[in-house]
Asker: 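Quick one: the structure is below, questions incoming.
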Amino acid sequence: MSKRALSVTRDANFPEWYQAVVRDGDMAETSPVRGCMIIKPWGWGVWERIQADLDARIKDTGHENCYFPLFIPMSFIAKEAEHVEGFAKEMAVVTHHRLKNDGGKLVVDPDAKLEEPLIVRPTSETIIGDAFQRWVKSYRDLPLLINQWANVVRWEMRTRLFLRTAEFLWQEGHTAHADRDDAVAETLKMLEVYRTFAEDVLAMPVIAGEKPANERFPGADNTYSIEAMMQDGKALQAGTSHYLGTHFAEAQNIQFQNQQGQLTHCHTTSWGVSTRLIGGVIMTHGDDDGLRLPPMIAPRQIVIVPMLREKPEDAELIEYCNSIEKELKAAGIRTLVDLKPVKSAEKRWNWVRRGAPVIVEVGGRDASGGNVTFMRRDRLRDGDKVISSTMARTEFVAGAAALLKDIQAALFAEAKARLDGNINTNFTTFEQLSDYFGPGESEDEGGAFKGWVRVPWSRPEGEALEKIADRLKALKLTIRNAPLVQEAATGKCFFTGEPAKEHVLIARAY
RNA sequence: CGGAGCGUAGCGCAGCCUGGUAGCGCACUUGCUUCGGGAGCAAGGGGUCGGAGGUUCGAAUCCUCUCGCUCCGACCA
């Protein structure tokens, strides 16, 4: 049996496998600062691809980018009651502005205390709202459609690279509208942007839907999400879009004069996706040999590894590879000839672990025959055997763009089949649900693939919903969302027995 | 912040119980031989054993405190 490129398999230990992919795929590493990550060049390249593509989509829908400060006056965050409640426990706070040398020891200067502490933004509703309050005067100023790419900090108890870090990178859209309909339409429009982006670019199928009341963003009237199914069957909330009603507008005095001359509060929205998407890509597409990147976000789509032998004929081989690279680049394909003075076999496996979509290996015989030998990362093996194909370089170059498209589509199809095939709709009683998922206490049980469950419900709120959430929590389950696209619900609510209004998805989640 | 486990070379670990001055595999460096594919042999380099204090002639090993990490809970994009 030939060995795998990683030391852990998904089946043996999914969390450990995830860490191995992140590390051995050169994506990121932990930092000296607790809970924060160092994103390495390959991982950063993926983020740059995500940014570039999504940014274009955000601009295409009429939004403009800008930038607000990292620090927010503490009083700002206190303005919206639910918002404070939701974020207060995880704030990084700046209280001083100077250090001093105290007998050879560097200490915080107690004389340099800030009059008002600054918090490091966990999200920017409050500071952007403060600007909106000044920017919006008239109905002619609306809608106000703003986005920013930024880092935010939430002092999480437990962190995992990309999935949950104390500092993470994201984009946050903030918009203000004249009325509810316009704001809700915006909220749903951006959810749809996220859905198509996740599916078309990340090849990550998701289900877009509305969060139950208990999972709403602090201060939102409605929260929508896209949810993706990871290879261990758990759900990952991959993006959110919030209709904030007039809560923030009222708290921050964001008002405009309408056409009738009346002073009216705006309806606002916010929406965001983060570096967590990269974690989603890893857990959607990775295999036991490492990462498999969808071509659209791979920093290098085709990597050419010349089989160098430290002999004079190497020069000719390098020239051959360079000329192929030139042709591929001309076709708009991100290509690299890996000339690092490392053994070819090692370079191959490094690119396998990094998930380069196509790895081309060129030896002397290929070169003299005008051929290339290549591997598709999405179909690396037949059983344990590595699959490689040889074809004429002209044919390869001519078909390269189509090959990448095919890989992109194959990765999506594979993930889509997993999502579609693992939503159980047969449960009718809580006992069945409980028996199926078990208490989920042991790691073994937690590790087994369970997938999701879809049940009809009556959309309870308040105390009734809390009770349901508690019962689910005992099984480590949560309601993910009520899919926007679903057939009409008939019969009784799975939880309350009252007439059902819609279906919701239940799953274990990250 | 509660429960459990773990910090020894870049990575993975042994040594600790029964104190005697640090070792294995991979990786790294050099040489030779190999090489249509994750090679073999040989010779090397690298560690104040997480930190501080204590016991002792002597501490990776025993004691106390402390910091950090991982997993499980609570919290969350």
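Just so it is clear, the model here is predicted, and its values are computed rather than measured. Below, chains carry the letters A, B, ... as their sequence lines are ordered, and counting in each starts from 1.
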Asker: For B:G23 and B:A14, measure between their C1' atoms and round to the nearest Å.
Answerer: 8 Å
Asker: Does any nucleotide pair with B:U34 by Watson-Crick or G-U wobble geometry, both distances under 3.5 Å, and what is it?
Answerer: none
Asker: Between B:A77 atom C1' and A:Lys234 atom NZ, what is the distance in whole Å?
Answerer: 15 Å
Asker: Can you tell me how far P in B:G46 sits from the matching atom in B:A9, rounded to whole Å?
Answerer: 15 Å
Asker: Measuring only the P atom in each nucleotide, how far is B:C49 from B:A60? A whole number of Å is fine.
Answerer: 6 Å
Asker: Using purine N1 to pyrimidine N3 plus N6-O4 or O6-N4 for Watson-Crick, or N1-O2 and O6-N3 for G-U wobble, each under 3.5 Å, what pairs with B:G7?
Answerer: B:C67
Asker: Looking only at side-chain atoms of A:Lys476, point me to the closest of B:A39, B:C28, B:G73.
Answerer: B:G73
Asker: If you check the A:Glu346 side chain, which of B:G38, B:A77, B:C28 turns out closest?
Answerer: B:C28
Asker: Pick base, sugar-phosphate or nothing for A:Gln237, based on heavy-atom distances below 4.0 Å to the nucleic acid.
Answerer: sugar-phosphate
Asker: Do A:Arg154 and A:Phe168 form a cation-pi contact, if we require the NZ or CZ to be under 6.0 Å from the six-membered ring centre and within 45 degrees of the ring's axis?
Answerer: no
Asker: Using whole Å, report how far CG of A:Leu475 lies from C1' of B:C72.
Answerer: 17 Å
Asker: Please give the distance between the C1' atoms of B:U21 and B:G15 as a whole number of Å.
Answerer: 14 Å
Asker: Counting only Watson-Crick or G-U wobble pairs whose two distances fall under 3.5 Å, which nucleotide matches B:U55?
Answerer: none
Asker: So A:Trp42 and A:Trp351, ring pair (Phe, Tyr, Trp, His ring centres under 6.0 Å) or not? Walk me through it.
Answerer: CA-CA 11 Å; A:Trp42 186 248; A:Trp351 287 114; 5.3 Å; yes
Asker: Taking the C1' atom in each of B:A59 and B:G51, what is the distance between them to the nearest angstrom?
Answerer: 15 Å
Asker: Classify the ring geometry of A:Phe374 against A:Phe396: parallel below 30°, tilted from 30° to 60°, perpendicular beyond 60°.
Answerer: tilted
Asker: Which nucleotide, B:C75, B:A77, B:G38, lies nearest any side-chain atom of A:Arg353?
Answerer: B:G38
Asker: Starting at atom CZ of A:Phe162, determine the distance to atom P of B:C76, rounded to an integer number of angstrom.
Answerer: 24 Å
Asker: Starting at CG of A:Asp24 and ending at P of B:G38, how long is that distance when rounded to a whole Å?
Answerer: 19 Å
Asker: A:Tyr18 OH to B:C71 P: how many Å, rounded?
Answerer: 11 Å
Asker: For the side chain of A:Arg381, counting heavy atoms from C-beta on, which of B:C76, B:G38, B:G73 is nearest?
Answerer: B:G38
Asker: Taking atom P in both B:C24 and B:G44, what distance in whole Å separates the two?
Answerer: 13 Å
Asker: Judged by modelled atom types alone, do A:Asp55 and A:Trp149 share a side-chain donor-acceptor pair under 3.5 Å?
Answerer: yes
Asker: What is the distance, to the nearest angstrom, from the OH atom on A:Tyr224 to the P atom on B:A77?
Answerer: 17 Å
Asker: What distance, rounded to whole Å, do you find between the two C1' atoms, one in B:A27 and one in B:C69?
Answerer: 23 Å
Asker: Where the side chain of A:Arg158 is defined as all heavy atoms beyond and including C-beta, which of B:A74, B:A39, B:C76 is the nearest nucleotide?
Answerer: B:A74
Asker: Please enumerate all residues that pass salt bridge (charged side-chain N to carboxylate O under 4.0 Å, His left out) together with A:Glu325, with sequence neighbours excluded.
Answerer: A:Lys329
Asker: Could you let me know what B:G46 is paired to, Watson-Crick or G-U wobble, both distances under 3.5 Å, or none if it's on its own?
Answerer: none
Asker: Could you name each residue pair satisfying ring pair (Phe, Tyr, Trp, His ring centres under 6.0 Å) that touches residues 212-237 of chain A, not counting sequence neighbours?
Answerer: A:His83-A:Phe217, A:Phe87-A:Phe217, A:Phe217-A:His242
Asker: Over all strands shown, is A:Thr123 touching base, sugar-phosphate only, or nothing at heavy-atom distances under 4.0 angstrom?
Answerer: nothing
Asker: When all nucleic acid strands are considered with a 4.0 Å heavy-atom cut-off, which category describes A:Gly86: base, sugar-phosphate, or nothing?
Answerer: nothing
Asker: Using the test salt bridge (charged side-chain N to carboxylate O under 4.0 Å, His left out), find all partners of A:Glu199 that sit at least two apart in sequence or belong to another chain.
Answerer: A:Arg195
Asker: List in numerical order all residues of residues 200-219 of chain A for which some heavy atom is under 4.0 Å away from an atom belonging to RNA chain B.
Answerer: none
Asker: For the residue pair A:Ala208 and A:Asn481, what are the closest heavy atoms and their distance?
Answerer: C-ND2, 3.8 Å
Asker: Contact class for A:Thr165 (heavy atom, under 4.0 Å): base, sugar-phosphate, or nothing?
Answerer: base
Asker: Would you say a side-chain N or O of A:Gln19 is under 4.0 Å from OP1 or OP2 of B:C69?
Answerer: no
Asker: B:G37 C1' sits how many Å from A:Arg348 CZ, rounded?
Answerer: 6 Å
Asker: Please figure out whether A:Lys473 or A:Thr390 has its closest RNA chain B nucleotide nearer the 5' end.
Answerer: A:Thr390
Asker: Using the P atom as the point on both nucleotides, what is the distance between B:C6 and B:C16, in whole Å?
Answerer: 14 Å
Asker: Starting at atom NZ of A:Lys340, determine the distance to atom C1' of B:C28, rounded to an integer number of angstrom.
Answerer: 12 Å
Asker: Find the partner of B:U61: check Watson-Crick (N1-N3 plus N6-O4 or O6-N4) and G-U wobble (N1-O2, O6-N3) distances, both under 3.5 Å, and reply none if neither fits.
Answerer: none
Asker: Near RNA chain B, counting only heavy atoms under 4.0 Å, which residues of residues 302-317 of chain A show up?
Answerer: A:Met307, A:Arg309
Asker: A quick test of your reading: do over 12 heavy atoms of other residues, nucleotides or ligands sit less than 6.0 Å from CD of A:Glu85?
Answerer: no
Asker: Establish, for the pair A:Arg276 and A:Phe162, whether the NZ or CZ atom is under 6.0 angstrom from the six-membered ring centre and no further than 45 degrees off its axis.
Answerer: no
Asker: At 4.0 Å (heavy atoms only), tell me whether A:Ala5 reaches a base, stays on the sugar-phosphate, or touches nothing.
Answerer: base
Asker: Below 4.5 Å, heavy atoms only, C-beta onward: do A:Met91 and A:Val120 meet side chain to side chain?
Answerer: no
Asker: According to the Watson-Crick and G-U wobble definitions, with both distances under 3.5 Å, which nucleotide is paired to B:A22?
Answerer: none
Asker: How do A:Pro15 and A:Glu167 order along RNA chain B: which one's closest nucleotide is nearer the 5' end?
Answerer: A:Pro15
Asker: Just checking, any donor-acceptor pair under 3.5 angstrom between side chains of A:Thr165 and A:Glu167?
Answerer: no
Asker: Between side-chain atoms of residues 285-293 of chain A and protein atoms elsewhere (two or more places apart, or another chain), which donor-acceptor pairs fall under 3.5 Å?
Answerer:
| from | atom 1 | to | atom 2 | distance (Å) |
| --- | --- | --- | --- | --- |
| A:His285 | NE2 | A:Leu202 | O | 2.9 |
| A:His285 | NE2 | A:Ala203 | O | 3.2 |
| A:Asp287 | OD1 | A:Asp289 | N | 2.8 |
| A:Asp287 | OD1 | A:Gly290 | N | 3.3 |
| A:Asp287 | OD1 | A:Arg377 | NH2 | 2.7 |
| A:Asp287 | OD2 | A:Arg377 | NH1 | 3.0 |
| A:Asp288 | OD1 | A:Arg10 | N | 3.0 |
| A:Asp288 | OD1 | A:Arg10 | NE | 2.9 |
| A:Asp289 | OD1 | A:Ala5 | N | 2.9 |
| A:Asp289 | OD1 | A:Arg381 | NH2 | 2.7 |
| A:Asp289 | OD2 | A:Arg4 | NH1 | 3.4 |
| A:Asp289 | OD2 | A:Arg381 | NE | 2.6 |
| A:Asp289 | OD2 | A:Arg381 | NH2 | 3.4 |
| A:Arg292 | NE | A:His285 | O | 2.6 |
| A:Arg292 | NH1 | A:Asp378 | O | 2.9 |
| A:Arg292 | NH2 | A:His285 | O | 3.3 |
| A:Arg292 | NH2 | A:Glu414 | OE1 | 3.4 |
| A:Arg292 | NH2 | A:Glu414 | OE2 | 2.8 |

